[in-house]
Amino acid sequence: MTQTDFALYEPIDTLKPVDENIWIADGPIVKMAMYGRSIPFPTRMTLVRLPNGDLWCHSPIAMTEGLKAEIDAIGPVRYLISPNKIHYAHIDRWAKLYPEATAWASGGVRERAAQQQIEVRFDADLTDEAPPEWQDDLDQVIFRGSRFMEDSVG
C-alpha cells in the first residue's frame, strides 16, 4: 500500500472549523509498525478553545510552521491529549513548543512509546472523569472492551 491508496482530507496541516471554538486538522499519512509490517494511517487532531481561552488538543498531528501560526493566533495551547496508545508520537514536539502545556497520557501509551523507542514526556494520566481543568466544559470517558486498545474521548 502506498500513500496514494488513501484519500486525505485536503487541505492538510491547516485548521478547519467544525463549530464555534472547535477545529480539526488533518495531517499526513504516518507509518505504524503493526503485525510485523509498516501500515499507513491518516492522522487527524481536534482543537477546542475552552471558555477561558485555553486550547485543548486531542491527538496532536505533526507540526508545521503554518499550523503553529494558526494555532497561536487563536489561543494558548494548555492541554495535549493522547487519546490512545497509538496517537501520541507528536506530543513531545508539541510539549517542547508549548512548555506551559500539560501532556496527558492515555492507558498503555507510556509502554507503547517505550516499545517503539519514541521519546515522549507525559505530565498526567487520563481517567474516566475529566480533570478539573476542563470538567465544566468537556465530558470525558475511556472506551474499553478491546484487548488491543482503549480510547479516551472528550
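All of these numbers come straight from a predicted model, not from anything done at the bench. Each residue takes its place number in the sequence, starting with 1.
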Using the test side chain to side chain contact (heavy atoms under 4.5 Å, CB included), find all partners of [X] that sit at least two apart in sequence or belong to another chain.
X: Leu97; result: Met63, Lys68, Arg93
X: Glu100; result: Arg78, Tyr98
X: Asp92; result: Lys96, Glu119, Val120, Arg121
X: Thr43; result: Pro28, Val30, Ile61

What pair of heavy atoms forms the shortest contact from [X] to [Y], and how long is it?
X: Leu126; Y: Ser82; value: CD1-O, 3.6 Å
X: Ile29; Y: Pro40; value: CG2-CB, 3.5 Å
X: Gln140; Y: Pro131; value: OE1-CD, 3.7 Å

Residues at least two apart in sequence or cross-chain that pass ring pair (Phe, Tyr, Trp, His ring centres under 6.0 Å) with Tyr79, listed by chain then number, are Trp134
- Message: Is there a path of hydrophobic side-chain contacts, each under 4.5 Å between heavy atoms of I/L/V/M/F/W/Y residues, joining Ile24 to Ile22?
- Response: yes
Worksheet entry | In one Ile/Leu/Val/Met/Phe/Trp/Tyr side-chain cluster, 4.5 Å: Trp94, Trp56 | no
Could you state the interatomic distance from [atom1] ([X]) to [atom2] ([Y]), rounded to the nearest 0.5 Å?
X: Trp104; Y: Thr127; atom1: CH2; atom2: OG1; answer: 8.0 Å
X: Met45; Y: Leu67; atom1: CE; atom2: CG; answer: 4.5 Å
X: Leu47; Y: Leu55; atom1: CG; atom2: CG; answer: 5.0 Å

Mind listing the side-chain donor-acceptor pairs of residues 10-17 below 3.5 Å, one per line with the distance, residues two or more places apart or on another chain?
residue	atom	partner	partner atom	Å
Thr14	OG1	Glu70	OE1	3.1
Thr14	OG1	Glu70	OE2	2.9
Lys16	NZ	Tyr9	O	2.7
Lys16	NZ	Pro11	O	3.0
Lys16	NZ	Asp26	OD2	2.4

Sorted by chain and residue number, the salt bridge (Lys or Arg N to Asp or Glu O under 4.0 Å) partners of Asp137 (sequence neighbours excluded) come out as none
- Is Gln135 atom CD crowded by more than 12 heavy atoms from other residues, nucleotides or ligands, each under 6.0 Å away? yes
Which atom pairs, donor and acceptor, lie under 3.5 Å between side-chain atoms of residues 109-118 and protein residues at least two apart or in another chain?
residue	atom	partner	partner atom	Å
Arg110	NH1	Asp125	OD1	2.4
Arg110	NH2	Asp125	OD1	3.4
Arg112	NH2	Ala33	O	3.3

Pairwise side-chain contact, [X] with [Y], heavy-atom cut-off 4.5 Å (strictly under):
X: Thr46; Y: Ile81; result: no
X: Pro83; Y: Ser106; result: no
X: Ile74; Y: Arg49; result: yes

